[in-house]
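As a basis for the values below, the full set of heavy atoms in this structure was taken, side chains included, without hydrogen atoms, waters or symmetry mates. Below, chains carry the letters A, B, ... as their sequence lines are ordered, and counting in each starts from 1.
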Amino acid sequence: GENVEQHPSTLSVQEGDSAVIKCTYSDSASNYFPWYKQELGKRPQLIIDIRSNVGEKKDQRIAVTLNKTAKHFSLHITETQPEDSAVYFCAALSGNTPLVFGKGTRLSVIA
Amino acid sequence: EAQVTQNPRYLITVTGKKLTVTCSQNMNHEYMSWYRQDPGLGLRQIYYSMNVEVTDKGDVPEGYKVSRKEKRNFPLILESPSPNQTSLYFCASSRGPGRAEAFFGQGTRLTVV
């Protein structure tokens, strides 16, 4: 089955700097790659996703890139703000099985 | 309002006492899943269901049971809870393949003493 590796596990950045979180996946048939944000004490919520026929997608300060050949995808957050502090999970979907998640990255934005 | 509802939100129980965590969704989703979240281990899938009466084991199914008798409900059953099942549990639902955003419940924090 699918296996998703996520790095780093923790990340601290100064407010206004950029943050990058990287994930790799194992199943070349995976075709959907979402990112979830989990604020402290809350449920994970989808922030952006990308499908395998697209190389990059952007939504305001958030962007995701996908390299199918290398089987990795990344989340980029620019101009970070304190409210970006959270745990971020990447995930991959292959076939009919539900999402497989990475272990998460705890992002701290220091004001 | 579209939502996934879990109950209870918090539960403290003793080893061996059977318990059920309920999960209900009002979005007519086919897929439902249970995850447990532990520090450093992320979200690990316990069981999932692709439709009524169809359930499959995830990565960590030992000690858990599920049922899917109707589309909206997907309860998680711990027949004989043990302390290593102390965790934060999330139920999630999504539409079929290709429309895969997962909507999570509020979470259930379970402590087994």
Member of A:Val64, A:Thr65, A:Ile21 meeting the side-chain contact (heavy atoms from CB on, under 4.5 Å) criterion with A:Ser74: A:Thr65
Chain A contact via B:Gln106 - which portion, at a heavy-atom distance below 4.5 Å: both
B:Ser49 side chain vs B:Asn51 backbone, donor-acceptor pair below 3.5 Å: yes
A:Phe33 and A:Tyr25 aromatic ring geometry - parallel, tilted or perpendicular at 30°/60° bounds: tilted
Contacting region of B:Phe90 [heavy-atom separation from chain A under 4.5 Å]: side chain
A:Lys37/A:Glu39 ion pair, N-O < 4.0 Å: yes
Side chain, backbone, both or neither of A:Gln38 within contact of chain B (heavy atoms, under 4.5 Å): side chain
Segment of B:Tyr35 engaging chain A (4.5 angstrom heavy-atom cut-off): side chain
